[in-house]
Amino acid sequence: MNAGILSTGHDYPEGILTNADLEKIVETSDEWITTRTGIKQRRKAADNEYTSQFAVRASERAIEKSGLSVEDIEIIVCATTTPDQILPSTGCLIQKEIGAVNAAGMDVFAACSGFLYGITMVESMIRTGQVKHALVVGAEVLTKYVDYSDRSTCVIFGDGAGAAVLGPVEDGKGILATKIMSDGRYEEQLFAPGGGTKMGITHQAIDEKAHCFKMRGNELFKVAVRSMAGISKEMLSKAGYTVDDVKMVIPHQANQRITDAVASRLKVPDEKVYSNIAEHGNTSSASIPIALDECLESGKIVEGDLVLMTAFGGGVTWGGTLVRF
Ligand code: UT7
């Protein structure tokens, strides 16, 4: 029995941070951000909002659309790099709020590839019969880890959450190929050194903004294009398809220029590559499930369509998943 994506949901903060707003905070311009990233605005959580709130609303929407009862969910995997708190996991906090009393809750920590990490983990659990129904969530409040004096990172990131309910589907449908990878040697391309046991939680570390994201964007850009294009080709060939068979490619929404470069390497036309980066910015692990839910809600993806998802992120991590809906 294959595992398939039965339904999706998403949610994001009401607060919007536009490029014009950023022009007032840091030395940048709407023109620079638009041409270098494709981003026009991003969602920003209020001070009293936190990751699991968006995750819970996205999850409830996905579960409602699946027609299942919340008690049917046997595992909750929350992909996040910006949890509510260090303990317990955001997966457990989501479990409490939605009332998934028959589930095990946990987090995966794989930055922007986290949603595909979660999908890959639960795919084998469903296929082997260990669980029947799973909830995979990608949820982030990145704006609380952004240094708003660092113009190379603060213009990119936004907040939000997306969720998917997975379960058994008939043969020929569902997840046809999925793979996750990482290469820790690229650790310093995107990292936040503070907040953990290495540096310690000290006043000095906080004053130095050690908990905020640091990025070597230019180097990461090249790894992103190479890894996403490579794993996408591998997933297609593993499942015996070509890019012509794909209805929609959903790449992690990192930078419009990265998306365009991946599309060009895959030789896939623009209209088959989904982009919402102008409205959402880069929401890390939430970007693919938000995009997927938008595609399903708008009818861009319908039953029978072949969809290729690919992501990369800090670690570095990357992944690819090919699904027949
Ligand atoms: O989800 C994974 C997370 N990370 C990513 O996906 C990041 C991947 N990388 C990128 O998206 C791009 O590398 C960035 C958008 C981060 C940067 O774009 P870039 O075209 O690679 O610019 P750059 O880093 O090569 O910088 C070019 C110039 C520099 O000025 P100088 O040294 O040439 O005078 C930067 O200081 O652009 C400057 N710059 C900015 N200027 C205005 C960097 N950020 C900004 C900014 N506004 N926000």
Side-chain angles (χ1 to χ4, degrees), residues 17-43 79-82 108-117 138-143 145-160 162 180-184 186-192 212-229 231 250-263 265 273-278 280-291 309-320:
L17 188 67
T18 65
N19 291 351
D21 296 329
L22 282 162
E23 283 176 351
K24 294 179 201 129
I25 300 170
V26 75
E27 199 187 327
T28 191
S29 65
D30 174 47
E31 198 269 333
W32 192 96
I33 302 170
T34 306
T35 54
R36 295 295 184 115
T37 71
I39 301 168
K40 299 297 284 182
Q41 63 168 50
R42 65 290 291 141
R43 296 285 170 160
T80 185
T81 311
T82 52
V108 296
F109 206 174
C112 311
S113 312
F115 181 72
L116 297 189
Y117 267 59
E140 306 283 3
V141 174
L142 298 161
T143 58
Y145 285 88
V146 159
D147 174 359
Y148 281 96
S149 65
D150 174 7
R151 66 179 180 174
S152 70
T153 53
C154 74
V155 301
I156 292 174
F157 295 111
D159 303 332
I180 49 177
M181 290 293 295
S182 71
D183 190 339
Y186 292 110
E187 168 198 354
E188 292 195 353
Q189 288 198 350
L190 177 53
F191 68 116
C212 292
F213 300 131
K214 332 268 173 222
M215 187 170 71
R216 296 184 186 158
N218 223 301
E219 293 169 35
L220 194 53
F221 194 112
K222 292 172 203 150
V223 181
V225 174
R226 201 168 57 230
S227 58
M228 287 204 287
I231 207 158
I250 303 184
H252 166 49
Q253 309 286 306
N255 181 321
Q256 189 59 44
R257 290 189 297 131
I258 292 176
T259 294
D260 294 344
V262 171
R265 284 197 182 201
V273 183
Y274 191 70
S275 175
N276 63 13
I277 195 157
H280 292 289
N282 178 344
T283 57
S284 190
S285 68
S287 92
I288 289 183
I290 290 174
M309 301 180 278
T310 184
F312 83 99
V316 294
T317 57
W318 65 98

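Every heavy atom of this structure was used, including side-chain atoms; hydrogens, water molecules and symmetry mates were not. Numbering of ligands and ligand atoms starts at 1, following listing order. This is a predicted model, so every value here is computed, not measured.
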(request) Please identify which atoms of ligand 1 are closer than 4.0 Å to at least one heavy atom of G217. (result) 8 (C), 9 (N), 13 (O)
(request) Measure from atom 26 (O) of ligand 1 to the protein's non-hydrogen atoms and state whether any distance is below 4.0 Å. (result) no
(request) Counting heavy atoms only, name the option from N218, T35, L142, V316 that's nearest to atom 21 (O) of ligand 1. (result) N218
(message) If the cut-off is 4.0 Å to any non-hydrogen atom of I258, which atoms of ligand 1 fall inside it?
(response) 6 (O), 8 (C)
(message) Heavy-atom contact check, 4.0 Å cutoff: does A224 meet ligand 1?
(response) no
(message) Any nitrogen or oxygen of F157, side chain or backbone, less than 3.5 Å from one on ligand 1?
(response) no
(message) For atom 17 (C) of ligand 1, tell me which residue out of W32, F221, F213 has the closest non-hydrogen atom.
(response) W32
(request) Can you pull out the closest protein heavy atom to atom 6 (O) of ligand 1? Residue, atom name and distance to 0.1 Å, please. (result) A254 CB, 3.3 Å
(request) Would you confirm whether any non-hydrogen atom of the protein falls under 4.0 Å from atom 31 (P) of ligand 1? (result) no
(request) Enumerate the atoms of ligand 1 whose separation from the nearest heavy atom of F312 is less than 4.0 angstrom. (result) 2 (C), 6 (O)
(request) Might you check, step by step, whether the distance between atom 40 (C) of ligand 1 and some protein heavy atom is under 4.0 Å? (result) yes
(request) Carefully, step by step, assess E23 and N19 under the rule side-chain hydrogen bond (donor to acceptor under 3.5 Å, both in side chains). (result) CA-CA 6 Å; E23 283 176 351; N19 291 351; over 6 Å; no
(request) Heavy atoms only: give me the nearest V273-T259 pair and the separation to one decimal. (result) CG1-CG2, 3.5 Å
(message) Measuring from atom 12 (C) of ligand 1, which candidate in N255, V26, V223, D150 has the nearest non-hydrogen atom?
(response) N255
(request) For the residue pair K40 and T18, confirm or rule out a side-chain donor-acceptor distance under 3.5 Å. (result) no
(message) With a 4.0 Å cut-off on heavy atoms, is V155 in contact with ligand 1?
(response) yes
(request) In sequence, state the C-alpha distance, the side-chain angles, and the governing distance for V155 and R36, and then conclude on side chain to side chain contact (heavy atoms under 4.5 Å, CB included). (result) CA-CA 11 Å; V155 301; R36 295 295 184 115; over 6 Å; no
(request) Check L190 against ligand 1 and report side chain, backbone, both or neither, counting heavy atoms closer than 4.0 Å. (result) side chain
(message) Are the side chains of Y117 and S182 in contact, using a 4.5 Å heavy-atom criterion?
(response) yes
(message) Can you give me the closest heavy-atom contact between I39 and N282, atom names plus distance?
(response) CD1-N, 4.4 Å
(request) Under 4.0 Å from a heavy atom of L220: give me the atoms of ligand 1 that qualify, with their elements. (result) 3 (C), 4 (N), 5 (C)
(request) Go through the steps to decide whether F213 and L142 satisfy the test side chain to side chain contact (heavy atoms under 4.5 Å, CB included), and finish with yes or no. (result) CA-CA 9 Å; F213 300 131; L142 298 161; 3.7 Å; yes
(request) Considering only protein heavy atoms, determine whether one is less than 4.0 Å from atom 34 (O) of ligand 1. (result) no
(request) Under 4.0 Å from a heavy atom of R36: give me the atoms of ligand 1 that qualify, with their elements. (result) 19 (P), 20 (O), 22 (O), 27 (C)
(request) Take F109 and T81, measure what side chain to side chain contact (heavy atoms under 4.5 Å, CB included) needs, and give me the verdict at the end. (result) CA-CA 6 Å; F109 206 174; T81 311; 3.3 Å; yes
(message) Test side-chain hydrogen bond (donor to acceptor under 3.5 Å, both in side chains) on E140 and S285; report intermediate values, then the result.
(response) CA-CA 7 Å; E140 306 283 3; S285 68; 2.7 Å; yes
(message) Which of the numbered atoms in ligand 1 are under 4.0 angstrom from any heavy atom belonging to H252?
(response) 1 (O)
(request) Could you give me the CA-CA distance, side-chain angles and deciding distance for W32 and L22, then say whether side chain to side chain contact (heavy atoms under 4.5 Å, CB included) is met? (result) CA-CA 11 Å; W32 192 96; L22 282 162; over 6 Å; no
(request) Determine the sole option in H252, H280, Q253 for which the side chain to side chain donor-acceptor pair (under 3.5 Å) test with S287 is passed. (result) H252
(request) Say whether I156 and ligand 1 are in contact under the criterion: heavy-atom distance to a ligand atom below 4.0 Å. (result) yes
(request) Check whether any N or O atom of T37, backbone or side chain, sits under 3.5 Å from an N or O atom of ligand 1, and answer yes or no. (result) no
(request) Answer yes or no: does an N/O atom from R257 fall short of 3.5 Å to an N/O atom of ligand 1? (result) yes
(request) Heavy-atom contacts with N282 under 4.0 Å: which atoms of ligand 1 show up? List them by number with element. (result) 1 (O), 2 (C), 3 (C)
(message) A side-chain contact here means heavy atoms from C-beta on lying under 4.5 Å apart; do R265 and R226 qualify?
(response) yes
(message) Using the rule side chain to side chain contact (heavy atoms under 4.5 Å, CB included), only one of D30, V26, I25 pairs with T28; which is it?
(response) V26
